[in-house]
Amino acid sequence: MEAFTLKVIQIIKNIPSGKVMTYGQIAAYAGSAKAARQVVRVLHSMSEKYKLPWHRVVNSKGHIAIKDYEGHAFQRMLLASEGVNFIEDDYIDLKKYLFYPDLFLES
DNA sequence: TGCTTGACATGGG
DNA sequence: CCCCATGCCAAGC
């Protein structure tokens, strides 16, 4: 797989509990700011294999991206259990929970 | 090799 | 706030 994909995996694994990152942000830190859609694929295909904290990834608006109602509720529940509060039970305050990785920590 | 597929992002109307 | 078009790009077939 591409080096980019591996970085995405590592970055996601480094998101601390109680914090979140957006697809675009992850793509940017991984080296390709415009590859947000690849982050989506990684979550779909590697979450289980690499035990990724997939629920800590949301879209740029602070909304949960899952379309399926059940899945959507499940992710919101997981985040809530880590202390992430939802405004109007609908979205997250990114200014408060967005995580900014240490730029010099990657390999 | 070429085409399709997304849990996206962003700007306009 | 909603809907739409457009840009993007690795992976799978």
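Convention: sequence-line order gives letters A, B, ...; per-chain numbering from 1. What's counted below: heavy atoms across the whole structure, side chains too, no hydrogens, waters or symmetry copies.
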Distance from A:Leu43 atom CG to A:Ile12 atom CD1, nearest 0.5 Å? 4.5 Å
A:Tyr91-A:Val20 co-clustered via ILVMFWY side chain contacts under 4.5 Å: no
C:dC2 P sits how many Å from A:Asp90 CG, rounded? 9 Å
Rounded to whole angstroms, how far apart are CZ on A:Arg41 and C1' on C:dC13? 13 Å
Let me confirm one number: the NZ-NZ distance from A:Lys96 to A:Lys19, rounded to the nearest 0.5 Å. 10.0 Å
For the side chain of A:Lys34, counting heavy atoms from C-beta on, which of B:dA7, B:dG6, C:dC8 is nearest? C:dC8
Over how many whole Å does the gap from A:Ile9 atom CD1 to C:dA11 atom P extend? 9 Å
Kindly say if A:Thr5 contacts the phosphate of C:dA11, meaning a side-chain N or O under 4.0 Å from OP1 or OP2. yes
Whole angstroms only, please: what is the CE-P distance between A:Met46 and C:dA11? 7 Å
Starting at CE of A:Met1 and ending at P of C:dA10, how long is that distance when rounded to a whole Å? 14 Å
Which is true for A:His72 with a 4.0 Å heavy-atom rule: it touches a base, it touches only sugar-phosphate, or it touches nothing? nothing
From A:Ile15, A:Val42, A:Leu78, residue fulfilling side chain to side chain contact (heavy atoms under 4.5 Å, CB included) relative to A:Trp54: A:Leu78
A:Ser45 vs A:Gln38, nearer the 5' end of DNA chain C by closest nucleotide: A:Gln38
What does the B/S/- profile of nucleotides 8-13 of chain B look like, 5' to 3', with a 4.0 Å heavy-atom cutoff to protein? BSB---
Considering the options A:Val57, A:Ile26, A:Leu6, which one meets the side chain to side chain contact (heavy atoms under 4.5 Å, CB included) requirement together with A:Ile11? A:Ile26
Path from A:Tyr100 to A:Val8 over hydrophobic side-chain contacts below 4.5 Å: yes
Same cluster for A:Val84 and A:Ile87 if Ile/Leu/Val/Met/Phe/Trp/Tyr side chains link at under 4.5 Å? no
Rounded off to whole Å, could you give me the CG-to-P distance for the A:Leu43 and B:dA7 pair? 10 Å
Rounded to whole Å, how long is the line connecting atom CD1 of A:Ile92 with atom C1' of B:dA7? 13 Å
What is the separation between atom CG on A:Leu52 and atom C1' on B:dA7, rounded to the nearest whole Å? 14 Å
